[in-house]
Amino acid sequence: MLDLFADEAPWQEPLAEGAVILRRFACADAQGLIAQIMQLAGQSPFRQMVTPGGYTMSVAMTNCGEVGWTTDSHGYLYSPIDPLTSQPWPAMPTLFRELSDAASKAAGYPDFAPDACLINRYAPGAKLSLHQDKDELNLQQPIVSVSLGVPAVFQFGGLKRNDPLKRVMLEHGDVVVWGGASRLFYHGILPLKPAQHALTNEYRYNITFRHTR
Ligand code: SIN
Ligand code: FE2
């Protein structure tokens, strides 16, 4: 499909206190980011993690950076070693770090220095239930989340699970940054609707940058 908005400059949409959507912010880097994801996945493959409760997540995940988010029979943790390969996670590519720097600055968090990067892959039907990102020790730092490929509905609520939810469509190149008052707000992704994207086929990829320590 011809993308009439391909040359459009990024724009910002406030989401909540401390949270903003940087629309199309990653479009210019998207092809490079996707190529890097494929290379990283060659070293630390995408896998569907099993929660401590024994539930296999529908989203497939991998990581890069000094530590990666993973599960074991006790809970969720950041580990320097990929449990699948028994090797360190691949290093964070320069392009990833540059994008994270630019996005966090644009959103008003100039000191963000992520040590972890979780990469999610959504196939049609895959979802991420409402949750808080709270496994990081340093909650002063924001989360920077980059969407690539097939669009998905993002839910963003409040500090309590049953707070009202905003629903926004996240499209290719959109970056969401949340920190400050909304750092622990509940969020999730509704089941991915089947669609095709020129760069990712049936998939949606999401990269989240985190500072864990
Ligand atoms: C996440 O909550 O870690 C990822 C959200 C997303 O896929 O947009
Ligand atoms: Fe999250």
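Counting starts at 1 for both ligands and their atoms, in listed order. Everything numeric in this text was worked out from a predicted model, so none of it was measured.
- Counting the atoms of ligand 1 from 1 in the order shown, those under 4.0 Å from a heavy atom of His187 are 2 (O).
- A donor atom on one side chain and an acceptor atom on the other are found under 3.5 Å apart for Ser145 and Asn206.
- In this structure, a donor-acceptor pair under 3.5 Å is absent between the side chains of Tyr78 and Arg213.
- The residue among Ile143, Asn206, Leu118, Ile207 with a heavy atom at the shortest distance from atom 5 (C) of ligand 1 is Asn206.
- With ring centers used as reference points, Tyr203 lies 6.0 Å or more from Tyr122.
- Within the 4.5 Å cutoff, no side-chain heavy atoms of Gln48 are placed close to those of Val59.
- Aromatic ring centroids of Trp69 and Tyr76 lie under 6.0 Å apart.
- None of Pro45, Pro90, Cys117 except one satisfies the side chain to side chain contact (heavy atoms under 4.5 Å, CB included) rule with Leu40; the exception is Pro90.
- Ring geometry for Phe46 versus Tyr205: interplanar angle of 30 to 60°, hence tilted.
- For atom 7 (O) of ligand 1, the closest heavy atom belonging to the protein is Tyr122 OH, 2.5 Å.
- Ligand 1 lies less than 4.0 angstrom from a heavy atom belonging to Arg210.
- Listed by number with element, the atoms of ligand 1 under 4.0 angstrom from any heavy atom of Asn120 are 3 (O), 4 (C), 7 (O).
- Salt bridge Arg23/Glu171: absent, no basic N to carboxylate O contact under 4.0 Å.
- The shortest side-chain heavy-atom distance between Leu128 and Leu190 does not fall under the 4.5 Å cut-off.
- Excluding water, every protein N/O/S atom under 2.8 Å from the Fe ion (ligand 2) is given here by residue and atom: His131 NE2, Asp133 OD1, His187 NE2.
- Residue-ligand proximity, Arg204 to ligand 1, at heavy-atom distances under 4.0 Å covers atoms 6 (C), 7 (O), 8 (O).
- Under 4.0 Å from ligand 1, the heavy atoms of Leu128 that appear belong solely to its side chain.
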